[in-house]
J.: 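Below you will find the structure I want to go over with you.
Values below: all heavy atoms of this structure, side chains included; hydrogens, waters and symmetry mates excluded. All values derive from a computational prediction rather than experimental measurement.
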Number of protein chains: 2
Amino acid sequence: MATLRDVAARAGVGIATVSRALNGTGPVSEAVRRRVEEAAAAVGYVPNGVARGLVTGVTRTFALILPDITNPYFPSLARAVEDAARVRGYAVVLGNSDNDPDQEAAYVRLFRERGVDGMIIASSRDASALARVTGPVPVVLIDRRVPHWDVDCVVTDNRRGIADAVQHLAGLGHRRLVHLGGPEGVESASTRAQAFMDACRELGVEVVDLTRGPFTAESGYERGRRLLKSRRRFTAVVAANDLIACGFLQAAFEAGRAVPGDVSVTGFDDVLVARLANPPLTTVRQPTYRAGQLAVERLAARLDRPGEPVRVDVLKPELVVRSSSGPAR
Amino acid sequence: MATLRDVAARAGVGIATVSRALNGTGPVSEAVRRRVEEAAAAVGYVPNGVARGLVTGVTRTFALILPDITNPYFPSLARAVEDAARVRGYAVVLGNSDNDPDQEAAYVRLFRERGVDGMIIASSRDASALARVTGPVPVVLIDRRVPHWDVDCVVTDNRRGIADAVQHLAGLGHRRLVHLGGPEGVESASTRAQAFMDACRELGVEVVDLTRGPFTAESGYERGRRLLKSRRRFTAVVAANDLIACGFLQAAFEAGRAVPGDVSVTGFDDVLVARLANPPLTTVRQPTYRAGQLAVERLAARLDRPGEPVRVDVLKPELVVRSSSGPAR
DNA sequence: TATAGGAGTGAAAACGTTTCCACTGAGATC
DNA sequence: GATCTCAGTGGAAACGTTTTCACTCCTATA
């Protein structure tokens, strides 16, 4: 590979001058700049980012650690992060933690060795151990807060979102509700479950059942089947995300229960399947793309101005009413 | 940050010895090894991968360039690549090309500067220009071949997949078929469209319509609406992917056409929505995860043994029959 | 006419590793 | 007893940049 030296030799100037000419840092005469550029093109010079990184201490790379890119909520987050990073000249390395704190920590270590400039983490479990392994590299938490860890954070208002869903159902006359919750130990799932209880109490609505389980369609299907078999009476279910809701939809379909005729269903996230489901899912839309953008903005800001106070951004969700919810009968 | 020098000073040995002790390269006495390890722990030493990369010329990083991580086919690919890369000690940087050859080339340049050891690319358009910008860094193509570029490649047998779908429908008595194709200029989409024509001719089935468009549900919905309004007679549609198929499903539902009663539908890929759709989609399953794994294996192999001849892996798809296809009436 | 200042340039240090080479001492071989 | 080998070790070079510093001209100012 051609290096600065090669370019310098060919252009008949010093290596420092080449660096200045190519990067536009420091003064270089017009004639020399042209000569350098020609020489660079001629030898096919490609700057060596590794060497640059060594001297500047900066790699222009962010790490993004997610539970599982395969869960349809996260691709749009990843996409947003990637887009926002790129316009700022950053590359993004990806890690899937599978909600396993050990794997998460392993990734943090790996990326730290790689010298990433910052990390965006949708953290698993309580992860208080993370702070130790993270060291001095800036972190912004996304989608899930980590209790007692004082770092930048962008989340959506889960309480509000669930409250909107419950209120919507209550307004339709539903008085006996079920919550199909997300996994134990995941902050957003716990917050949603708690918010469900609180909203029901406040509105005088009965909580017929509340279970916790993975954020998958299988989980929703399984729990739905069991629930529908159990003969417990309820007229609506609030799922902790769209996948669980879709799984329930399937179970209801198989059990011959009409949605929303017999039972109303709401989801959370508004991922693609929510729109494509039959019936299309009433759900709480998260500003996912915005969240990803914002996380990158925060991270970039923190790199520019390390002293700034920690910021927590809470994004407003939005209830989108489709056909999976209707009047209680 | 603590460096090798700090560790060496604390352990009272030379810097070279520390490097050997920590990496297990070269002989080190048991006593010294212990002292070094203690010292490293004490000062919180983290190896600097950037410096290492500069001297070894290796970053242990792969690039993965996809059209759009938001398209549900790609997350499982990304996941597979990431998993396989990690067990080999590689990190993965991600790029979304949006099927834009310029963006794709920009990413290739960016990642080359970053010094990735290899790239896995689901290439956009014909991309013959890619070979030039890619330089000496090893590439394996995934999901889509690019004509006249002699590099490693792992794809699935699109011809076979489409042929299976057409044959399935023909076996159910369908004689008037429609193809909702993928975007012009994307190799896999073109191959599928061509395979559709060929299979129909071979089986004596009439091609009522064949359109090309983006791999999205919107595209399937729009084209479906137009088609259903047009009063052209057909009894089954073969979509180029599941998203298009789901879009068509919606259009059919709105138009009051029963699936599969009035019209049968098949998809391609077998992504999550295919299973969750109503009715569940008959589709051609791609061994997506396997493809991602294989791509990493190829790349790793090429790095180990640069001289090896180019390999093209063609994976077998599998028709999975669900409820969106039934006998022609 | 002296002088201050700035544009333009190159040599060299620095970043933190890996690795080559040289050296020491101890045990093995003749 | 002389020589050889090899484990164990440290010094120093090298990787390809950026950046500091010093130097040379040249122009503007007094």
J.: Where along nucleotides 13-22 of chain D does protein come under 4.0 Å, by heavy atom, of base (B) or sugar-phosphate alone (S), with - for untouched nucleotides?
T.: --BBBBBB--
J.: Check this for me: does any side-chain nitrogen of one of A:E297 and A:R290 sit under 4.0 Å from a carboxylate oxygen of the other?
T.: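 The answer is yes: the pair qualifies as a salt bridge.
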J.: Could you walk me through whether A:S97 and A:Q103 pass the side chain to side chain donor-acceptor pair (under 3.5 Å) test, one step at a time?
T.: CA-CA 5 Å; A:S97 71; A:Q103 243 183 89; over 6 Å; no
J.: Over all strands shown, is B:V13 touching base, sugar-phosphate only, or nothing at heavy-atom distances under 4.0 angstrom?
T.: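 The answer is sugar-phosphate, as B:V13 gets under 4.0 Å only of primed atoms, P, OP1 or OP2.
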J.: Are B:L303 and B:D117 close enough that some pair of their side-chain heavy atoms sits under 4.5 Å apart?
T.: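 A side-chain contact exists here, since the closest heavy-atom pair is under 4.5 Å.
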J.: For B:V32, which contact category applies under a 4.0 Å heavy-atom criterion: base, sugar-phosphate, or nothing?
T.: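 Result for B:V32 = sugar-phosphate.
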J.: How far does CD1 of B:I120 sit from CD1 of B:I142, to the nearest 0.5 angstrom?
T.: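 Here the rounded value is 6.0 Å.
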J.: If I take atom OG1 from residue B:T191 and atom CZ from residue B:R145, how far apart are they, to the nearest 0.5 angstrom?
T.: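 Going from OG1 on B:T191 over to CZ on B:R145, the span is 8.0 Å.
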